[in-house]
Number of protein chains: 2
Amino acid sequence: MNGQKEGLTIKQVAEAAGVARSSVSRAFTRPEMLSPETVKRIREAAEKLGYVPNQTARALSTGRHGNVALIVPDVANPFFPPLIRAAQMEADRSDLCVFLGNSDEDPKQEDKLVGRFTGQVEGLILASSRLSDERIQAHAALRPLVLINRDVEGIPRVLIDSGSGVREAVAHLAEIGHRHIVYVSGPTKSWSNKQRRRAVRMAADVLGLKVDIVAAAVASFEAGREAVGSILVTGATAAIAFDDLTAQGILAGLADRGIRVPEQFGVVGCDDVLGAATYPSLTTVSNRSVEAGKAALSLLLELMQSQSVRDVRYVLDTHLVVRNTTIGHGE
Amino acid sequence: MNGQKEGLTIKQVAEAAGVARSSVSRAFTRPEMLSPETVKRIREAAEKLGYVPNQTARALSTGRHGNVALIVPDVANPFFPPLIRAAQMEADRSDLCVFLGNSDEDPKQEDKLVGRFTGQVEGLILASSRLSDERIQAHAALRPLVLINRDVEGIPRVLIDSGSGVREAVAHLAEIGHRHIVYVSGPTKSWSNKQRRRAVRMAADVLGLKVDIVAAAVASFEAGREAVGSILVTGATAAIAFDDLTAQGILAGLADRGIRVPEQFGVVGCDDVLGAATYPSLTTVSNRSVEAGKAALSLLLELMQSQSVRDVRYVLDTHLVVRNTTIGHGE
DNA sequence: CTGTTAGCGCCTTCAA
DNA sequence: TTGAAGGCGCTAACAG
C-alpha cells in the first residue's frame with residue numbers, strides 16, 4: 001500500500017484501464033461525471049500501479065495549490081507553538097499543506113518570506129506581523145491574508161484581548177485583600193504591553209487600588225528577578241507581570257529574599273505559557289493562542305472560498321487562571 | 001517595489017524586452033548564457049512590469065520545487081520549536097520553503113502527511129518519527145529523507161545522545177555524595193527513554209551506586225508528581241527524570257511533602273527545556289536540538305545534491321548543566 | 001549568444 | 001458518459 005512511484009502519470013493509468021487520460025483525471029477530481037463502474041476500474045488500476053496525482057501539475061493547471069503559509073516572528077517563543085499547532089490541525093482537516101516561516105522579528109525577512117511563499121500558496125496568515133501597514137495591504141491585495149494580533153483596518157484579523165484577563169486579575173487581587181499593586185511592564189513599544197498596562201491602571205482606578213509601574217527593560221526571567229528590589233520599595237503587596245517569564249523571575253527574586261508566596265506577596269503572570277508545570281504554579285492570564293490559530297485558519301478558508309473581502313475583526317477575550325501564587329492551597 | 005501581479009508571464013516580459021521567451025527564462029536562471037546587456041534589459045522590463053517567475057510552472061518543468069518538509073510529533077512540545085526554528089533558518093539560507101507537519105504522535109497521521117508532502121518537496125526531515133522502519137525505508141526510497149532521533153540503518157540520521165549527559169549527571173550525583181538514585185522513566189517505547197535508562201544503569205554500576213527504576217506512565221508534570229511516592233519508598237536520595245516536565249512534577253511532589261531540594265533530595269531533568277527560568281532552577285541535561293535541526297537540514301541539502309545515499313550517522317553528545325536542584329547556592 | 005520547439009502532468013472546454 | 005485537443009508557465013535541448 002501507498003507504494004508511490006516516480007514518473008507515473010495519468011497516461012499509464014489510462015492505458016492500464018483502457019480509457020482516455022481525461023477520464024483518469026475525472027475519476028479523481030469529478031467522479032460524479034463518470035459512471036460508477038468506470039471510476040472503480042480506473043481507481044483500481046491506479047491503486048495497482050501506485051499512481052498518485054501530481055500536485056504540481058494540478059496546481060499549474062488549476063491555480064489551486066492546496067497550500068497556505070503561516071509566518072511568525074519566532075517559532076521558539078513559547079507563545080507561538082500552540083498557535084502553530086492549532087492552525088496546522090485545522091489546515092489538516094481541509095487537506096491543506098502549511099508552510100511555516102520564521103521572520104526572526106525582522107520586517108525585511110518577513111517581506112522576503114511572503115514573497116517566496118506567495119507564488120505557491122492560496123493564502124497566508126501573519127502572526128504578530130512586523131510589517132508596515134502598507135506592506136501588509138500590498139500583500140493582502142494579491143492573496144487572501146489573515147492577521148493575528150495586528151489590527152489593520154480592512155484586513156481580516158484575529159485579536160487576543162489580554163485586557164479582559166488583566167482586569168480580572170486586578171479584581172481578584174482586590175478581592176483577596178490587596179490594596180496596593182504594581183505592574184511590571186515589558187517592552188515599551190509592544191502593543192500587548194500597552195494594552196496590559198492600561199488595563200491594570202483602569203481596573204485599579206475603578207476599584208480604588210493604588211498601582212505603581214515598574215519597568216523590566218526586557219521581558220525575561222533575569223529582568224523580573226532584578227525588578228524585585230524596585231517592586232518591594234513601592235510597598236505593594238502583589239505584582240502583575242507583563243508575561244510569565246518575568247513573573248517567574250519575580251518569584252525567584254522573592255525567594256532570594258525569603259519572602260513567601262502567596263502568603264506575603266502575590267504574583268500574577270500573563271500568557272499562561274508554563275501551564276501548571278511549575279511550583280508553586282503560577283496564577284496567570286490565559287492566552288487563547290490555540291483558538292487564535294484555529295480561528296485564523298478558518299477565516300482564511302472562508303476568504304479563499306468567497307473572494308468577498310469582508311472586514312472581519314475577531315476578538316478573543318482572555319480570563320484569569322487562578323493557581324497558587326495568589327492564593328494558597330488551603331483557601 | 002515588489003508589486004507582484006497576477007497572470008504576468010515570461011511572454012509579456014519577452015514582448016516588452018523584444019526577445020524570445022526562452023531568453024527571459026535564461027535571464028533568471030542562467031544569466032551567464034546571455035550577454036550582460038540583454039540580461040539587464042530583460043530584468044528591467046520584468047521589474048517594471050512587476051514580473052515574478054511562477055514557481056509552480058518551474059517546478060513542473062524541472063522537477064525541482066525548492067521545498068522541503070519537516071514533520072514533528074508535536075509542535076507544542078517545547079523540545080521541538082528550537083529545532084524547527086534552526087532548520088527553518090538553515091533552509092532560508094538556501095532559499096528553500098519549509099512545510100511543517102504535526103503528526104500528533106500518530107503513525108497514520110504521519111504517513112498521511114508524508115504522502116501529502118512528498119509530491120511537492122525535494123526532501124523530508126522526520127523528527128522523532130513514529131513510523132515503522134519499513135515505512136521509513138519506503139519513503140526514503142522515493143525522496144531524500146533525513147531522520148532526527150531515530151536510528152534506522154541506511155537512512156541518514158542525526159541523533160542526540162542524551163547518554164553522555166546522563167552519565168555526567170550520575171557522576172555528578174555520586175560526587176556530591178549520593179549512593180542510591182532512581183531513574184524516573186518516560187514512555188517505554190521511546191528511543192530516548194531507553195537510551196537514558198540504560199545510561200543511568202551503566203554509569204551507576206561503574207560508580208557503585210544503587211539504582212531503582214520508577215515508571216511515570218507518560219512524560220508529564222502530573223506523572224512526575226504522582227511518582228514521588230514510589231520514588232521515596234525506594235530510599236533513594238536523588239532522582240534523574242526522563243525529561244524536565246517530569247522533573248518539575250517531582251519537584252512539586254517533593255514540595256507537597258515538605259522535602260527540601262537540594263538539601264534533602266536531588267533532582268535532575270533532561271532536555272533543558274525550561275532554561276534557568278524556574279525556581280529553584282533545574283539541574284538538567286542539555287538537548288542540542290538547535291544543532292540537530294541545523295545539521296539535519298544541512299544533511300538533507302547534501303543528499304539532495306549528490307544522490308549518493310551514504311549511510312550517515314551524525315551523533316551529538318550532551319552535557320550536564322548544573323543548576324540549583326542538586327547543589328545549593330552556597331556551594 | 002539567441003530563437004524555435006517540445007514537452008513537464010494535469011485539467012477542461014468542446015464534440016461526439 | 002466519454003474522448004480529443006489545447007493550454008497552464010516555464011525550461012531545456014537543438015539549431016542557427
Side-chain angles (χ1 to χ4, degrees), chain A residues 4-43 45-46 49-67 95 116 118-122 142, chain B residues 4-43 45-46 49-67 95 115-116 118-122 142-143:
Chain A
Q4 308 183 8
K5 292 223 183 64
E6 286 299 302
L8 205 50
T9 76
I10 36 174
K11 192 177 172 203
Q12 0 271 348
V13 180
E15 284 166 0
V19 297
R21 295 178 311 170
S22 46
S23 293
V24 178
S25 171
R26 291 195 268 253
F28 285 95
T29 52
R30 312 178 120 80
E32 73 280 5
M33 287 183 72
L34 263 36
S35 79
E37 3 174 293
T38 317
V39 173
K40 182 155 171 278
R41 189 153 41 95
I42 295 176
R43 288 238 169 110
L49 296 176
Y51 167 79
V52 171
N54 178 320
Q55 271 297 138
T56 310
R58 186 176 276 183
L60 179 59
S61 140
T62 62
R64 236 173 295 107
H65 321 62
N67 299 333
D95 289 323
R116 189 180 293 159
T118 205
Q120 38 187 344
V121 300
E122 289 178 59
L142 292 174
Chain B
Q4 307 183 8
K5 293 224 182 62
E6 286 300 300
L8 205 49
T9 76
I10 34 173
K11 193 175 170 207
Q12 0 270 347
V13 180
E15 284 166 1
V19 297
R21 295 178 317 176
S22 47
S23 293
V24 178
S25 171
R26 291 193 268 253
F28 285 93
T29 51
R30 306 176 127 80
E32 73 281 5
M33 287 183 70
L34 264 36
S35 80
E37 0 174 298
T38 317
V39 173
K40 183 153 170 282
R41 191 152 43 94
I42 296 176
R43 289 235 169 115
L49 296 175
Y51 167 78
V52 172
N54 179 322
Q55 271 297 134
T56 311
R58 186 177 278 180
L60 179 59
S61 158
T62 62
R64 235 173 294 108
H65 323 60
N67 300 332
D95 289 323
R116 190 179 293 159
T118 204
Q120 36 187 343
V121 300
E122 288 177 60
L142 292 174
R143 307 230 162 276

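Lettering of chains follows the sequences in order, A, B, ..., and the numbering in each one begins at 1.
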N/O donor-acceptor pair under 3.5 Å between A:Arg41 side chain and A:Ala17 backbone: yes
Taking the side chain as every heavy atom from C-beta outward, state whether B:Thr62 and B:Thr29 have any pair of such atoms under 4.5 Å apart. no
Sugar-phosphate only, base, or nothing, as touched by [X] at under 4.0 Å among non-hydrogen atoms:
{"X": "B:Thr38", "result": "sugar-phosphate"}
{"X": "A:Thr56", "result": "nothing"}
{"X": "A:Val24", "result": "nothing"}
{"X": "A:Arg64", "result": "nothing"}

Starting at CG of B:Asn67, measure out to CD of B:Gln120 and round the result to the nearest 0.5 Å. 6.5 Å
Rounded to the nearest 0.5 Å, what's the gap from CZ on B:Arg21 to CD on B:Gln12? Could you check? 10.5 Å
Would you say A:Arg30 places a side-chain N or O within less than 4.0 Å of OP1 or OP2 belonging to C:dT12? yes
Distance test, side-chain N/O of A:Ser35 to OP1/OP2 of D:dT2, below 4.0 Å: yes
Protein-nucleic acid N or O pairs under 3.5 Å, nucleotides 4-8 of chain C:
residue	atom	partner	partner atom	Å
C:dT4	O4	B:Ser22	OG	3.2
C:dC8	O2	B:Ser61	N	3.4

Within a 6.0 Å radius of atom CD on A:Glu32, are there more than 12 heavy atoms belonging to other residues, nucleotides or ligands? yes
Is the NZ or CZ atom of A:Arg43 both under 6.0 Å from the centre of the six-membered ring of A:Tyr51 and within 45° of that ring's axis? no
Would you mind reading off the distance between B:Asn54 atom CG and D:dT11 atom P, rounded to a whole angstrom? 9 Å
Taking the nucleotide of DNA chain C with the closest heavy atom to each, which residue, A:Lys11 or B:Pro36, is nearer the 5' end? B:Pro36
